[in-house]
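Presented below is the structure to which this report refers.
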Protein chains: 2
Amino acid sequence: MAIGRRPGSYECGVDAAMDVIGGKWKVLILWALHVRPHRFGELRRELPGVTEKVLAAQLRELEADGIVHREEFDEVPPRVEYSLTPRGETLNTALEPLGEWGKRNVLAPSPAAGEVREDHDVALIPGRP
Amino acid sequence: MAIGRRPGSYECGVDAAMDVIGGKWKVLILWALHVRPHRFGELRRELPGVTEKVLAAQLRELEADGIVHREEFDEVPPRVEYSLTPRGETLNTALEPLGEWGKRNVLAPSPAAGEVREDHDVALIPGRP
DNA sequence: CTGCACGCTTCCCTCAAGGTAACCACCCAC
DNA sequence: GTGGGTGGTTACCTTGAGGGAAGCGTGCAG
């Protein structure tokens, strides 16, 4: 049982899933790897602010949880490629509604929900969940 | 703009939503209030291990984010009821696929995904996401 | 008069996630 | 030989979320 770091202590499925994606950078890693496989350095450059130590740690956790696949190439300079496993892809799919909700309710709160619309558009990369 | 405690710093909708539901007890609160409105003490008794201080803090954050509604009744002994706002209900709906994923991939990992099935059934409250 | 239930608030403390910076082995280009 | 790029590891430090326990104001029960 590789997945889950608090085995047996979950109250429900959402609770359990939160343990897998709870890291500060994990959903961003998920999204980046969904677009295409990435090398370690590519990920570091695409996640502004992440440190090498933390990126390595979160990738190892995601790998242990069966979410990402790590492939080492015997070349020089050494190359390592990270990609999503099938389970990782299903996780991304399951996160899509939450991404939609976040876009509608946090990034661009609608007046109908009692929020005041900002006078500028929220800067969103198109297609990003 | 009540929602979001890191305004302007989100990379995507999932990231933003994670800020709203990131608290240790928030998804459990969400689920409890989805079933029916709760009083403070009821919630405390239904979430084994939560302290009054933390429960009050997370409820106040969820209220500031427009997820839960707090209604104070002028009775004695004092009564306060918490319920989900419409926005809270949509959040719960958006969390359902994630709950399904967690149940299938963390609580009861399938052999097809490379995990070994436990020899006992996972104790799950039926219908709980 | 004492205790209890309610819904908190306040103070103090712990601990783990995350951040900082240095270092490693390897090889190539300059 | 020096610097850069590869993909990390190691040791140390900071910070903030969360936990423990006590107190508070009210009113009723015993």
Side-chain angles (χ1 to χ4, degrees), chain A residues 4-7 9-11 15 17-30 32-33 37-65 67-83, chain B residues 4-7 9-11 15 17-30 32-33 37-65 67-83:
Chain A
R5 278 166 297 295
R6 272 163 45 200
S9 73
Y10 302 117
E11 289 293 317
D15 195 17
M18 290 294 295
D19 196 24
V20 174
I21 58 171
K24 183 167 175 183
W25 304 93
K26 288 190 181 173
V27 300
L28 300 178
I29 293 172
L30 265 284
L33 297 188
H38 279 66
R39 305 180 53 171
F40 185 86
E42 286 177 330
L43 277 174
R44 181 164 42 106
R45 270 172 259 122
E46 277 195 29
L47 308 183
V50 73
T51 66
E52 297 175 344
K53 174 205 160 189
V54 173
L55 180 56
Q58 308 233 335
L59 282 170
R60 265 182 273 118
E61 285 186 11
L62 288 172
E63 193 193 356
D65 285 344
I67 308 297
V68 313
H69 171 69
R70 180 182 190 275
E71 192 158 9
E72 210 164 329
F73 295 88
D74 235 354
E75 309 173 352
V76 57
R79 186 161 69 99
V80 178
E81 245 188 34
Y82 294 92
S83 55
Chain B
R5 278 166 298 298
R6 273 162 44 201
S9 73
Y10 302 117
E11 290 293 318
D15 195 18
M18 291 294 295
D19 196 24
V20 173
I21 57 170
K24 183 169 176 183
W25 304 92
K26 288 191 182 173
V27 300
L28 300 178
I29 294 172
L30 265 284
L33 297 188
H38 278 67
R39 305 180 53 172
F40 185 87
E42 285 177 331
L43 277 173
R44 181 163 43 108
R45 270 172 258 123
E46 277 195 29
L47 308 182
V50 74
T51 65
E52 297 176 343
K53 175 207 161 188
V54 173
L55 179 56
Q58 308 233 336
L59 282 171
R60 264 182 275 117
E61 285 186 9
L62 288 171
E63 192 193 357
D65 285 344
I67 308 298
V68 313
H69 170 70
R70 178 183 190 275
E71 192 159 8
E72 208 164 332
F73 296 88
D74 235 355
E75 308 173 354
V76 55
R79 186 161 67 99
V80 178
E81 246 189 31
Y82 294 92
S83 54

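Proteins get letters first, then strands, A, B, ... in listed order; numbering begins at 1 in each.
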Under 3.5 Å between N/O atoms: give me all the protein pairs with nucleotides 7-9 of chain D, atom names plus distance.
unit_1 : atom_1 : unit_2  : atom_2 : d
D:dG7  : OP1    : A:Arg39 : NE     : 3.1
D:dG7  : OP1    : A:Arg39 : NH2    : 3.1
D:dG7  : OP2    : A:Gly41 : N      : 3.4
D:dG8  : OP1    : A:Arg70 : NH2    : 2.2
D:dG8  : OP2    : A:Tyr82 : OH     : 2.7
D:dG8  : N7     : A:Glu52 : OE1    : 3.1
D:dG8  : O6     : A:Glu52 : OE1    : 3.0
D:dT9  : OP2    : A:Arg60 : NH2    : 2.9

message: Restricting to side-chain hydrogen bond (donor to acceptor under 3.5 Å, both in side chains), what partner residues turn up for A:Ser9, sequence neighbours left out?
response: A:Arg6

field: Closest to the A:Thr51 side chain, choosing from C:dG18, D:dG19, C:dG19
entry: C:dG19

task: Could you tell me the separation between the CG atom of A:Leu59 and the CZ atom of A:Arg44, rounded to the nearest 0.5 Å?
output: 12.0 Å

All pairs passing salt bridge (Lys or Arg N to Asp or Glu O under 4.0 Å) where residues 71-80 of chain B contributes a residue, at least two apart: B:Arg70-B:Glu72, B:Glu75-B:Arg79, B:Arg79-B:Glu81

query: How far does CZ of A:Phe40 sit from CD of A:Glu52, to the nearest 0.5 angstrom?
result: 5.5 Å

message: Just the rounded figure in Å: distance from C1' of D:dT6 to CG of A:Leu43.
response: 14 Å

message: Can you give me the closest heavy-atom contact between A:Lys26 and A:Ile21, atom names plus distance?
response: CB-O, 4.0 Å

- prompt: Does a side-chain N or O from B:Gln58 land closer than 4.0 Å to OP1 or OP2 of D:dG18, or not?
  reply: yes

- prompt: Between OH of A:Tyr82 and CD of A:Glu63, what distance do you get to the nearest 0.5 Å?
  reply: 7.0 Å

- line: To the nearest angstrom, the CD1-P distance between B:Ile21 and D:dA17 comes to 16 Å

query: Nearest-Å distance, CD (A:Glu75) to P (C:dC28)?
result: 13 Å

task: Send over the distance from B:Leu47 CG to D:dG18 P, rounded to a whole Å.
output: 13 Å

- request: Rounded off to whole Å, could you give me the CD-to-P distance for the B:Glu72 and D:dT26 pair?
  value: 14 Å

Nucleotide nearest A:Pro77 when distance is taken to its side chain, options C:dG19, D:dG19, D:dG5: D:dG5

field: Between D:dG18 (P) and B:Ile29 (CD1): distance, integer Å
entry: 10 Å

- line: In whole angstroms, the gap separating P of D:dG16 from CD of B:Glu61 amounts to 14 Å

message: I'd like to know whether A:Leu33 forms a side chain to side chain contact (heavy atoms under 4.5 Å, CB included) with A:Leu43, so could you lay out the CA-CA distance, the side-chain angles of the two residues, the decisive distance to 0.1 Å, and finally the verdict.
response: CA-CA 9 Å; A:Leu33 297 188; A:Leu43 277 174; 4.1 Å; yes

- prompt: What integer distance in Å separates A:Leu55:CG from D:dT10:P?
  reply: 17 Å

